[in-house]
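One structure below.
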Amino acid sequence: MIIGENLTNMPWQDRPEGCQDSVWRYSNNPIVKRNQIPGANSIFNSAVIAKEGAFVGIFRSDNTAMEQHLFLGKSMNAIDWDIEHNPLPLYNEKDELLGVACGYDPRVCLIEDRYVVTWCNNYHGPTIGVAYSYDFKKFYQMENAFLPFNRNGVLFPKKIAGKYIMLSRPSDNGHTPFGDMYLSQSFDLEHWGYHRFVMKAEGWAWTKIGAGPIPIETDEGWLLIFHGVGTTCNGLIYSMGAAILDIDEPWKVKYRCKPFIFHPTEIYECVGDVPNVTFPCATLQDASTGRIAIYYGAADTVVALAFTQVDELIGFIKKNAQ
Ligand code: BMA
């Protein structure tokens, strides 16, 4: 059972007849095309959130010079997205323009009265950028959360024992061939410490793992959907895994699902700038029905959508816990 708000206007399709998977695809994928804003080569690995009866998002787009920027988007139905043509400007707390948001793999988390965006920023290599907004229009950039090199900074949607909580994956300066998931804690979203180990790369995800969407609070604990990477003779495969973390001490893994829950199999997941990538960055969920919509980047090229139901997914994780 989801603990949280009702969101009855979120996108949804029932599981197709004959399908036995715990996560299934939207029939009109991809929902965002690679070049739907001028100058874009690709739009993928993007984060969405509900706001005042509609939906907003932060989209990653690489342009045809392969520069990586973040863009604001809005939608009435969370499927058809209107994405701005210029990258998101970032301000400091004195209201001075710092520049536009460069980087990749954004996540958006509503904590108390602020929308907080975390993304893979560049500071002598990849590290976790942090910016917040009260209205989803003007964003204020804070200090980077961690030393380089780090990726996949994912906040929890509420403080636990008075502290903000962020998952991340310490990495290297390239296409990191390793990576476990850690958790850090902060009283002010700026100074991070109390670091804890959460999960290691293993099984099908034996190369590296990284947190995906903002964890979902449930009566069983925090539902965490993550990406996991295995290396084959033909390169990396990015699939999705799932686990349940302890509600009060979320560095403790209660259950980790042994099989993946989603895997690149469709043409738009297997053909693109980087083949065989399904990379989840956000969910929308409705507590009244337990419906979850997962937004994922496909083949580092487009944004796609998949669905699951919370009790079924948790049942699958528990039944198949490693
Ligand atoms: C990671 C990031 C992601 C990307 C993935 C697969 O290192 O660059 O944005 O989806 O690799 O290429």
Side-chain angles (χ1 to χ4, degrees), residues 29-34 40-48 57-63 65-71 87-88 101-108 117-129 144 146 148-154 167-182 201 204-214 225-232 234-241 260 262-266 268-283 294-306:
N29 272 345
I31 58 165
V32 175
K33 308 283 181 282
R34 66 180 303 158
N41 169 64
S42 52
I43 307 175
F44 59 110
N45 298 6
S46 299
V48 309
I58 303 279
F59 290 80
R60 168 187 177 174
S61 178
D62 297 3
N63 62 24
M66 293 311 262
E67 295 163 332
Q68 304 157 339
H69 291 117
L70 306 183
F71 294 75
L88 175 67
C102 300
Y104 53 95
D105 300 352
R107 273 62 164 200
V108 179
V117 179
T118 53
W119 74 99
C120 194
N121 199 9
N122 184 40
Y123 181 75
H124 304 275
T127 185
I128 307 303
N144 291 322
F146 306 123
F149 309 110
N150 201 312
R151 289 182 171 95
N152 298 298
V154 175
L167 297 164
S168 74
R169 185 186 69 214
S171 63
D172 72 7
N173 202 9
H175 299 292
T176 317
F178 62 87
D180 300 333
M181 208 185 291
Y182 288 81
W204 61 268
W206 61 272
T207 303
K208 52 183 169 178
I209 55 173
I214 304 305
I225 296 170
F226 59 92
H227 71 262
V229 184
T231 306
T232 74
N234 204 28
L236 304 178
I237 302 186
Y238 283 67
S239 310
M240 296 184 205
F260 52 68
F262 199 82
H263 187 68
T265 56
E266 295 299 309
Y268 54 88
E269 297 159 352
C270 301
V271 176
D273 278 10
V274 183
N276 308 322
V277 179
T278 53
F279 194 99
C281 286
T283 59
I294 303 172
Y295 289 77
Y296 65 99
D300 282 12
T301 303
V302 291
V303 179
L305 181 57

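For the numbers below, each heavy atom of this structure counts, side chains included, while hydrogens, waters and symmetry mates do not. Start at 1 and go down the list; that is how both ligands and their atoms are numbered.
- Every salt bridge (charged side-chain N to carboxylate O under 4.0 Å, His left out) that Asp273 has, sequence neighbours left out, goes to Arg34.
- The backbone N or O of Gln68 sits nowhere less than 3.5 Å from a side-chain atom of Asp62 that would complete a donor-acceptor pair.
- Among all protein heavy atoms, the one lying closest to atom 3 (C) of ligand 1 is Asp105 OD2, 3.1 Å.
- At a heavy-atom distance under 4.0 Å, only side-chain atoms of Arg60, from C-beta outward, approach ligand 1.
- Below 30°, between 30° and 60°, or above 60°: for Tyr238 and Phe279 the angle between ring planes is between 30° and 60°, a tilted geometry.
- Atom numbering of ligand 1 starts at 1 in the shown order; those under 4.0 Å from a heavy atom of Asn45 are 3 (C), 4 (C), 9 (O), 10 (O).
- Looking at atom 8 (O) of ligand 1, its nearest protein heavy atom turns out to be Tyr104 CE1, 3.9 Å.
- Using cut-offs of 30° and 60° for the angle between ring planes, the Phe71 and His69 rings count as perpendicular.
- Residues satisfying the salt bridge (charged side-chain N to carboxylate O under 4.0 Å, His left out) test with Arg169, not counting sequence neighbours, are none.
- The shortest contact between atom 12 (O) of ligand 1 and any protein heavy atom is with Asp300 OD2, 2.6 Å.
- For Tyr238, a nitrogen or oxygen atom sits less than 3.5 Å from a nitrogen or oxygen atom of ligand 1, counting backbone and side chain alike.
- Counting only distance, with no hydrogens or angles, the side chain of Thr278 and the backbone of Ala298 share no donor-acceptor pair below 3.5 Å.
- Listed by atom number, the atoms of ligand 1 under 4.0 Å from Val274 heavy atoms are 12 (O).
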